[in-house]
Amino acid sequence: MALLSPFYLPLKAKKLNLYKITLTIIPCTIFYLVGFYQSSRGNVPVSNTSSSSINEVFPCAPPDHKTTTLDFEAHHFAPDPPPRVARAHHLPPCDPKYSEHTPCEDVDRSLKFDRDRLIYRERHCPESHEILKCRVPAPYGYKVPFRWPESREFAWYANVPHKELTVEKKNQNWVHVEGKRLRFPGGGTMFPRGADAYIDDIGKLINLKDGSIRTAIDTGCGVASWGAYLLPRNILAVSFAPRDTHVSQVQFALERGVPALIGIIASIRLPYPSRSFDMAHCSRCLIPWGQYDGQYLIEVDRILRPGGYWILSGPPINWEAHWEGWNRTREDLGAEQSQIEKVARSLCWKKLVQRKDIAIWQKPTNHIHCKVNRKVFKRPLFCKSQNPDMAWYTKMETCLTPLPEVSNIRDIAGGQLAKWPERLNAIPPRISRGSLEGITAGNFIENSELWKRRVAYYKKIDYQLAQTGRYRNLLDMNAHLGGFAAALVDDPLWVMNVVPVQAKTNTLGVIFERGLIGTYQNWCEAMSTYPRTYDFIHADSVFSLYKDRCDMEDILLEMDRILRPEGSVVMRDDVDILMKVKSIIDVMQWDGRIADHESSPHQREKILFATKKYWTAPKPGQNQGQVVS
């Protein structure tokens with residue numbers, strides 16, 4: 001018998017399998033086509049069909065099979081929810097009388113409060129039902145301010161239409177009116193030769209050139225000429241003064257492009273953390289430094305860095321040469337200076353020098369000796385339980401804020417700061433020493449690089465931000481570590497870095513340690529500044545932070561109040577939140593558009609770019625309901 005090929009059996013098996021598959025496919029295909037045909041005619045009508053007819057089509061159906069029509073329609077309906085009506089936003093222009101409205105420093109409201117120690121000139125914000133639901137207008141004739149550095153010397157009169165200081169300070173060269181312009185010669189009560197020459201005199205007494213002095217505060221600043229002429233020397237000063245009889249002095253400063261806030265040293269702490277400033281200054285600021293147990297100098301001590309300087313010029317310094325011109329007695333002025341000297345010694349300050357009209361004291365670099373000499377100076381005692389960085393409606397105390405502990409008399413309490421400009425990117429001591437929970441040196445470096453990329457992206461979309469000199473006064477509403485401001489440091493501008501009091505971590509001390517400036521703020525309230533302060537506002541996750549805390553509309557109205565006509569805003573937030581923001585700004589005479597996140601369009605965080613349109617109050621005598629655009 002012939003042998004079978006080894007390939008014969010597998011081949012036969014393959015043919016047999018192929019037959020089985022073919023026989024299976026044919027009936028399946030038939031059933032599918034029949035089913036498709038029945039479905040194409042609508043419902044399957046089998047309710048009145050006999051079992052025999054069913055079996056004709058479907059042989060596998062049992063003889064007693066009874067069915068009903070297959071009905072796939074829904075028979076239970078819930079009523080549709082009523083259509084959601086979007087809230088109609090109606091934000092008309094305010095009456096022109098509100099063109100310089102400062103809600104928390106309102107003159108009429110302030111009269112309800114205690115005049116003792118000028119408490120009535122502190123922040124007193126309106127109740128929720130008193131907040132204006134309208135847009136503060138620019139005065140008729142408003143113009144875009146001069147660009148820096150020309151703005152240091154000139155401003156448009158129409159923007160700040162006040163002549164009081166030109167009369168009251170006529171002989172002191174604060175400000176002059178020249179046609180449609182205001183001119184700021186740079187003079188001051190105690191520097192008739194000009195602020196530049198006055199700063200030169202200070203520079204002969206302490207080193208203003210080596211970068212060790214970067215941040216400064218000017219108390220009772222006038223029109224902020226001292227701060228204005230420090231800027232070219234890479235010293236960044238925050239100037240403050242109250243809204244008082246010297247009408248609009250802070251407003252003049254801001255119009256010049258100089259950092260300033262409305263403020264007063266009265267009963268609550270200044271809105272800065274401890275160890276913020278390298279230098280504090282008072283030039284005839286008329287603050288009673290020796291009174292109230294030295295409380296005002298104690299507050300200056302809190303915000304001064306270890307080794308920082310306090311500069312005093314004007315009464316009572318050099319009273320021997322000026323007492324007659326000051327219309328005070330020798331005895332009175334001598335007693336005032338003695339009291340100031342006594343308070344300064346009790347704070348362990350060292351008087352470095354007094355030359356002519358300028359006196360300078362220096363704060364110690366640590367408190368080792370100061371703790372020992374409490375045996376001599378019984379007051380002030382060291383504070384025991386207070387948070388030295390808490391400064392939002394926080395009452396001032398008559399105790400001395402202790403500096404961080406050191407192990408050696410040569411050590412600088414809190415850590416040595418690098419000199420400017422290295423200070424900007426050096427790891428801040430508050431981070432390197434682990435004072436801020438959850439923020440490491442690595443986080444700081446990553447954050448700095450992140451904001452460099454983000455600002456570069458902003459400049460690609462907002463060409464005006466990329467245009468050198470277009471913006472001067474900038475505000476960062478939620479600054480965190482100051483990365484936004486640091487990324488713009490080479491541009492001719494300054495940034496007021498706000499750390500909201502609701503922020504998870506208080507990082508304002510880090511911002512000052514970088515050589516930047518800032519303040520605390522609760523964005524459910526108005527900022528202590530005049531309308532039209534800023535050219536550009538940056539808001540990173542602000543509306544997420546304040547969700548369910550206060551009305552989004554009120555925050556946007558406050559942004560509109562402090563933003564100049566033709567100023568810009570960049571907001572970062574969740575896309576749903578930005579959509580709500582967009583619906584509000586559409587009725588505020590802003591142009592805005594939402595752009596993708598810089599890293600990916602798939603990110604929920606988006607960016608809203610907006611510009612406030614130019615419009616002003618109507619010309620006096622015209623219909624007050626109209627606006628000029």
Evaluation steps, side chain to side chain contact (heavy atoms under 4.5 Å, CB included), between Arg572 and Lys606: CA-CA 6 Å; Arg572 307 177 66 92; Lys606 303 295 181 185; over 6 Å; no
Evaluation steps, side-chain hydrogen bond (donor to acceptor under 3.5 Å, both in side chains), between His602 and Ser600: CA-CA 5 Å; His602 302 297; Ser600 168; 4.7 Å; no
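- A donor-acceptor distance shorter than 3.5 angstrom exists from the side chain of Ser151 to the backbone of Arg256, with no hydrogens or angles considered.
- The side-chain heavy atoms of Leu403 and Lys363, taken from C-beta on, include a pair separated by under 4.5 Å.
- Comment: Arg423 does not engage Glu513 in a salt bridge, judged by the lack of any side-chain N to carboxylate O separation of less than 4.0 angstrom.
- In this structure the side chain of Ile594 never reaches within 4.5 angstrom of the side chain of Ile607, judged on heavy atoms.
- Pairs of residues two or more places apart, or lying in two chains, that qualify as disulfide (SG to SG under 2.5 Å) and include a residue from residues 453-540 are Cys524-Cys550.
- Put simply, the residue from Gln291, Glu122, Gln295 that forms a side-chain hydrogen bond (donor to acceptor under 3.5 Å, both in side chains) with Arg117 is Gln295.
- Between the Arg532 side chain and the Leu563 main chain, no donor and acceptor come within less than 3.5 Å of each other.
- Checked against a 6.0 Å centroid threshold, the rings of Trp451 and His538 count as neighbours.
- In this structure a side-chain-to-backbone donor-acceptor pair under 3.5 Å is present from Arg302 to Tyr272.
- Using a 4.0 Å cut-off between charged nitrogen and carboxylate oxygen, Asp462 and Arg470 do not count as a salt-bridge pair.
- Cation-pi check for Arg152 over Tyr229 is met; the charged atom lies under 6.0 angstrom from the ring centroid and within 45 degrees of its normal.
- Checking each of Trp361, Phe277, Tyr296 against Trp310 for a ring pair (Phe, Tyr, Trp, His ring centres under 6.0 Å) leaves exactly one that passes, namely Trp361.
- The existence of a salt bridge linking Asp293 and Arg379 is excluded, since no basic side-chain nitrogen approaches an acidic carboxylate oxygen closer than 4.0 Å.
- Side chain of Asp573 to main chain of Leu578: no donor-acceptor pair is present (N/O by atom type, distance under 3.5 Å, no hydrogens or angles).
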Derivation and outcome, side chain to side chain contact (heavy atoms under 4.5 Å, CB included), residues Leu608 and Val570: CA-CA 6 Å; Leu608 175 56; Val570 172; over 6 Å; no
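- Between the side chain of Thr533 and the backbone N or O of Ile562, no donor-acceptor pair lies under 3.5 Å.
- Taking the six-membered ring for Trp and the full ring otherwise, Tyr198 and His281 have centroids separated by under 6.0 Å.
- Using modelled atom types, one side-chain atom of Asn366 and one backbone atom of Asp411 make a donor-acceptor pair closer than 3.5 Å.
- The closest side-chain heavy-atom distance from Ile368 to Val406 is below 4.5 Å.
- Considering every non-hydrogen atom in both Ile585 and Leu556, the closest pair reads CG2-CD2, 4.1 Å.
- Checked by atom type and distance alone, the side chain of Ser541 never pairs as donor or acceptor with a backbone atom of Ser544 at under 3.5 Å.
- You'll find the side chain of Ile311 reaches within 4.5 Å of the side chain of Ile206, heavy atoms only.
- Side-chain atoms of Tyr471 and Ser568 form a donor-acceptor pair, as typed in the model, at a separation below 3.5 Å.
- Partners of Phe382 under the ring-ring contact (aromatic ring centres under 6.0 Å, His included) rule, at least two apart in sequence or in another chain, are His367.
- One finds no salt bridge joining Lys460 and Glu598 here, because no Lys/Arg side-chain nitrogen approaches an Asp/Glu carboxylate oxygen to under 4.0 Å.
- Of the inter-residue distances, the one linking Leu230 atom CG with Ser225 atom OG reads 11.0 Å to the nearest 0.5 angstrom.
- A donor atom on one side chain and an acceptor atom on the other are found under 3.5 Å apart for Ser528 and Arg123.
- Note: Ile511 CD1 to Met496 CE = 11.0 Å, rounded to the nearest 0.5 Å.
- Considering only heavy atoms from C-beta on, Thr215 stays 4.5 Å or farther from Trp420 through its side chain.
- Counted within 6.0 Å of NZ on Lys351, heavy atoms from surrounding residues, nucleotides or ligands total more than 12; the atom is thus considered enclosed.
- For the pair Asp301/Leu400, a side-chain contact is recorded, criterion being any heavy-atom separation below 4.5 Å from C-beta on.
- In this structure the side chain of Pro259 reaches within 4.5 angstrom of the side chain of Ile517, judged on heavy atoms.
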Pair Met571-Ile537, side chain to side chain contact (heavy atoms under 4.5 Å, CB included): steps then yes or no: CA-CA 8 Å; Met571 293 174 266; Ile537 297 176; over 6 Å; no
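- Counting only distance, with no hydrogens or angles, the side chain of Asn478 and the backbone of Pro500 share no donor-acceptor pair below 3.5 Å.
- Listed for the Asp491 side chain is no donor-acceptor partner under 3.5 Å among the backbone atoms of Leu493.
- Between Thr398 and Tyr292, the closest heavy-atom pair is CG2-O, 4.2 Å.
- Contact of the Arg269 side chain with the Gln386 side chain is registered, since non-hydrogen atoms from C-beta on lie closer than 4.5 Å.
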Audit row: Gln502, Asn522, side-chain hydrogen bond (donor to acceptor under 3.5 Å, both in side chains) steps and yes/no: CA-CA 7 Å; Gln502 293 85 359; Asn522 176 358; 2.8 Å; yes
Trace of the side chain to side chain contact (heavy atoms under 4.5 Å, CB included) decision for Tyr534 with Leu474: CA-CA 6 Å; Tyr534 295 103; Leu474 278 70; 5.6 Å; no
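- Residue Arg549 places its CZ atom among more than 12 non-hydrogen atoms of other residues, nucleotides or ligands, all under 6.0 Å distant.
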Show me the side-chain donor-acceptor pairs of residues 234-241 shorter than 3.5 Å, one per line, residues at least two apart or across chains.
none

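- Between the side chain of Asp560 and the backbone N or O of Leu557 there is no donor-acceptor pair closer than 3.5 Å.
- What you find for Ile412 and Pro306 is that their closest heavy atoms are CG2-CB, 4.1 Å.
- The existence of a salt bridge linking Arg604 and Asp576 is confirmed by a sub-4.0 Å separation between a basic side-chain nitrogen and an acidic carboxylate oxygen.
- Going from atom CD1 of Ile202 over to atom OG of Ser313 covers 7.0 Å, rounded to the nearest 0.5 Å.
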Arg472/Asp535 under salt bridge (Lys or Arg N to Asp or Glu O under 4.0 Å): CA gap, chis, key distance, verdict: CA-CA 6 Å; Arg472 173 65 185 168; Asp535 303 297; over 6 Å; no
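- Salt bridge present: Asp196 and Arg233 bring a charged side-chain N and a carboxylate O closer than 4.0 Å.
- By the 30° and 60° cut-offs, the orientation of the rings of Phe536 relative to Phe484 is parallel.
- Between Thr401 and Ser274, the side chains place no donor N or O within less than 3.5 Å of an acceptor N or O (distance only, hydrogens not considered).
- In terms of heavy atoms, Gly438 sits closest to Asn443 at O-OD1, 3.2 Å.
- A pairwise comparison of heavy atoms in Ala539 and Met477 identifies CB-SD, 3.9 Å as the closest pair.
- Of all non-hydrogen atoms in Asn207 and Ser212, the two that sit nearest each other are O-OG, 4.2 Å.
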